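Below is one structure, written out as structure tokens; comments come after it.
Just so it is clear, the structure is predicted and the values come from calculations on it, not from any experiment. Residue indices begin at 1 and follow the sequence shown. Basis for what follows: all heavy atoms, side chains included, without hydrogens, waters or symmetry-related copies.
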Amino acid sequence: MTIKAPATSTDLTAFVSLSARYLILFILFTFVHESQAAVPTVNDWRSRSIYQVITDRFARPDGSITAPCVLKENQYCGGTWQGIIDKLDYIQGMGFTAIWISPVVAQINGSAASGEGYHGFWTRDMTTLNSNFGTEDDLKQLAQAVHDRDMLLMVDAVLNNFAYAGPGNDTVYSDFIPFNKKEYFHPFCYISNYFNDTNAQTCWLGDDTMSLPDLDQDNDFVATYLEQWTAGMVANYSIDGFRIDAAKHVSRTYWAEFEPEVEVYTVGEALDGNATTACVFMSQALSGILNYPMWYSINDTFMNSSAPVSGIEIQYDIVTSECQDSTLLGTFTENQDQPRLANYTEDVSLLMNAMAFAMLTDGIPIIYYGAEQQFSGQKDPGNREALWLSAYNTSMPLYIALAGMNAARNAVANSSTYDYWSPYWTWKSKIILAKDQVLVVRKGYDHSIVTVMTNRGEKSADLGPYTIGDTNFIAGDTIMDVLGCTTQIVQEYGEMRHWECDN
Ligand SMILES: *[C@@H]1O[C@H](CO)[C@@H](O)[C@H](O)[C@H]1NC(C)=O
Ligand SMILES: *[C@@H]1O[C@H](CO)[C@@H](O)[C@H](O)[C@H]1NC(C)=O
Ligand SMILES: *[C@@H]1O[C@H](CO)[C@@H](O)[C@H](O)[C@H]1NC(C)=O
Ligand SMILES: *[C@@H]1O[C@H](CO)[C@@H](O)[C@H](O)[C@H]1NC(C)=O
Ligand SMILES: *[C@@H]1O[C@H](CO)[C@@H](O)[C@H](O)[C@H]1NC(C)=O
Ligand SMILES: *[C@@H]1O[C@H](CO)[C@@H](O)[C@H](O)[C@H]1NC(C)=O
Ligand SMILES: *[C@@H]1O[C@H](CO)[C@@H](O)[C@H](O)[C@H]1NC(C)=O
Ligand SMILES: *[C@@H]1O[C@H](CO)[C@@H](O)[C@H](O)[C@H]1NC(C)=O
Ligand SMILES: *[C@@H]1O[C@H](CO)[C@@H](O)[C@H](O)[C@H]1NC(C)=O
Ligand SMILES: *[C@@H]1O[C@H](CO)[C@@H](O)[C@H](O)[C@H]1NC(C)=O
């Protein structure tokens with residue numbers, strides 16, 4: 001019943017053990033590929049892991065690894081959908097089974113004071129694709145290439161607002177397509193209170209440099225068009241799911257109407273660390289939300305070696321009880337709006353442990369491009385680095401660690417004897433130890449993956465021994481250290497040991 005950390009500590013402080021009985025079945029049945037013929041359901045997303053790219057910053061179609069990208073200029077840097085197609089091996093090499101790309105529609109013109117719409121969040125014309133990213137055919141080809149690899153494609157959708165490069169007022173809509181009339185928008189006012197739903201949902205985001213005219217989803221044309229646009233993206237381009245920008249700034253009543261019309265997985269952005277107020281956007285509305293409530297805790301726990309891990313346990317319990325289904329949350333470590341974790345620390349172990357929490361507890365993990373390269377930009381625009389400047393180095397330690405974590409997830413997801421693991425994806429993880437700086441989480445009812453994490457960091461000495469129970473490993477089981485690639489026989493019920501990988 002003890003867990004021992006390696007005597008000489010390495011950066012391999014995050015490790016995963018998994019019942020290897022599945023391995024036998026794995027050999028007998030290998031993997032069953034899901035048919036891509038049908039549009040995936042919400043349930044099909046549960047076992048996926050998502051790699052988020054900023055289309056303009058991920059890969060150029062010329063394959064350049066030197067093309068400059070000056071972040072503070074906020075200009076297009078040349079990434080395209082074709083560029084993504086050319087670099088799918090890089091993404092699949094980490095084991096990801098879905099990709100989230102930037103919003104796809106045409107942006108406001110030229111270079112406003114705050115730059116170009118390279119990120120895709122400044123809609124001007126919903127009927128036309130953003131030609132900087134490619135053609136209609138390129139987007140179809142991307143979906144095809146992704147599906148050929150049994151992966152899914154998620155598109156970021158901006159359904160709350162358009163954009164205008166100047167101060168807001170009630171006459172700025174004339175160039176918008178198709179919403180070129182005043183009646184399609186809420187009357188101009190900037191949001192003054194983000195925690196007052198009425199104010200946050202009827203006033204406008206943005207500022208005098210870039211005001212974001214707020215669509216009125218109570219208008220029938222607006223409501224219907226947004227639903228048909230989304231369903232049209234599924235029908236015309238085989239899109240499998242959507243990340244819904246600024247979901248908190250649209251009424252839940254509208255999302256409740258929208259969701260059954262589109263019938264695919266939708267994960268909404270509700271930038272709110274309070275699970276009670278954030279999760280209402282999934283309980284009566286979208287399929288899931290980005291797991292901001294857990295993200296603050298992941299950051300505060302793993303980026304601070306002085307923090308006790310009990311903080312994350314408390315928040316985990318709140319999220320699990322407050323959110324309708326915590327296994328449909330989009331659990332992430334970084335995104336385009338927040339400082340990258342590597343801005344806070346150079347310690348690979350801390351970064352790896354934060355990733356392990358997002359990857360192997362509840363929810364659909366989302367890893368932001370560049371995290372695997374230990375990119376360390378702070379806030380926008382610093383956190384939108386050009387990935388090509390890393391030369392797509394697949395030897396980086398976090399790239400390798402993510403591949404290991406995804407291998408464990410995919411082994412369960414692809415198992416043709418899913419019943420053997422079931423319920424796995426809907427089963428809520430249990431924190432089976434949260435003591436000092438050691439956190440142990442088990443996921444899986446009958447057969448389980450147990451994840452051992454610490455925020456001690458690279459230089460930590462021997463952590464153990466710690467007594468843990470409820471691993472669900474029984475005597476005689478062969479368990480496997482997923483990141484360390486070794487197996488061992490369990491001697492005693494509940495036992496789990498850490499041993500070193502001989503690489
Ligand atoms: C923006 O560019 C598009 C395409 O080049 C053009 O049709 C449109 O009129 C332009 N709008 C403005 C406001 O310049
Ligand atoms: C699991 O399936 C996904 C998607 O079909 C695939 O990309 C991945 O390689 C598979 N993983 C394993 C371990 O078979
Ligand atoms: C609204 O914005 C337009 C475009 O910037 C400008 O021409 C117009 O004067 C503004 N109207 C008001 C009432 O501020
Ligand atoms: C919330 O915002 C609305 C619209 O801006 C306003 O009328 C209302 O008074 C606000 N409610 C509170 C409690 O501040
Ligand atoms: C999908 O294709 C139909 C038929 O060509 C078209 O009317 C519709 O606007 C398209 N929708 C999108 C989102 O591309
Ligand atoms: C979260 O929001 C709920 C509902 O507004 C409130 O009762 C609760 O105190 C908030 N929790 C925290 C930690 O602020
Ligand atoms: C993340 O953690 C760091 C280090 O503890 C802290 O300085 C920072 O404020 C946190 N970020 C957020 C958004 O809470
Ligand atoms: C780190 O955690 C300790 C202990 O909880 C706390 O006192 C300190 O303020 C935290 N540091 C930051 C930067 O949040
Ligand atoms: C964190 O971000 C700041 C601001 O962009 C930057 O100056 C600093 O170099 C970054 N830190 C690291 C470790 O990259
Ligand atoms: C790739 O990353 C590894 C591990 O950090 C490093 O040793 C190697 O030099 C890098 N390769 C290139 C070409 O930068």
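Taking the side chain as every heavy atom from C-beta outward, I50 and I367 never approach each other to under 4.5 Å. Here the side chains of M355 and L398 are in contact, with some heavy-atom distance below 4.5 Å. Between Y316 and S429, the closest side-chain pair of non-hydrogen atoms falls below 4.5 Å. Side-chain contact between Y368 and T333 is absent, with no heavy atoms from C-beta onward closer than 4.5 Å. For the pair L329/I364, no side-chain contact is recorded, criterion being any heavy-atom separation below 4.5 Å from C-beta on. A 4.5 Å side-chain heavy-atom check between T97 and L152 finds every atom pair outside the cut-off. Two residues are said to be in side-chain contact when any heavy atoms from C-beta on lie closer than 4.5 Å; L350 and M303 meet this criterion.
When every heavy atom of S102 is checked against every heavy atom of F133, the shortest pair comes out as CB-CE1, 4.5 Å. Contact record, A434 with I431: CB-CG2, 4.0 Å, taken as the closest heavy-atom pair. Closest non-hydrogen pair, A401 versus M352, comes out as CB-CG, 3.8 Å. For the residue pair V158 and G120, the shortest heavy atom distance occurs at CG2-O, 4.1 Å.
The side-chain hydrogen bond (donor to acceptor under 3.5 Å, both in side chains) search around Y51 returns E372, not counting sequence neighbours. With sequence neighbours excluded, the residues forming a side chain to side chain contact (heavy atoms under 4.5 Å, CB included) with Q373 are Y90, F375, L387, S390, N393, M396, listed by chain and number. With sequence neighbours left out, the side-chain hydrogen bond (donor to acceptor under 3.5 Å, both in side chains) criterion links K430 to D470.
In this pair, Y392 and F58 present their aromatic rings perpendicular. The plane angle is above 60°, beyond the 30 to 60° band.
A donor atom on one side chain and an acceptor atom on the other are not found under 3.5 Å apart for E73 and Y118. Under the 3.5 Å distance criterion, with hydrogens and angles disregarded, no donor-acceptor pair is assigned to the side chains of N130 and Q107. Donor-acceptor pairing under 3.5 Å is recorded for the side chains of Q336 and Q52. Of the N and O atoms on the side chains of Y292 and N335, at least one donor lies less than 3.5 Å from an acceptor on the other residue. Side-chain atoms of T327 and D362 form no donor-acceptor pair, as typed in the model, at a separation below 3.5 Å. A donor atom on one side chain and an acceptor atom on the other are found under 3.5 Å apart for D44 and T41. No hydrogens or angles considered: nothing links the side chains of S448 and N472 as a donor-acceptor pair under 3.5 Å. D62 and S64 share no donor-acceptor pair across their side chains, judged by distance under 3.5 Å alone. Between the side chains of R409 and N406, no donor-acceptor pair is found at a separation under 3.5 Å.
A salt bridge does not link K72 with D380: none of the charged nitrogens is closer than 4.0 Å to a carboxylate oxygen. Salt-bridge formation is not detected for the pair K87/D89: no Lys NZ or Arg NE/NH1/NH2 atom is positioned less than 4.0 Å from an Asp or Glu carboxylate oxygen. In summary, D156 and R243 engage in a salt bridge, as defined by a charged side-chain N under 4.0 Å from a carboxylate O.
Cation-pi geometry between K248 and F281 is not satisfied (NZ or CZ under 6.0 Å from the ring centre, within 45° of the ring normal). Cation-pi geometry between K443 and Y424 is met: the NZ or CZ atom falls under 6.0 Å from the ring centre, inside 45° of the normal.
By the neighbour-count criterion of 12 heavy atoms within 6.0 Å, atom OH of Y445 is sparsely surrounded, having that number or fewer from other residues, nucleotides or ligands.
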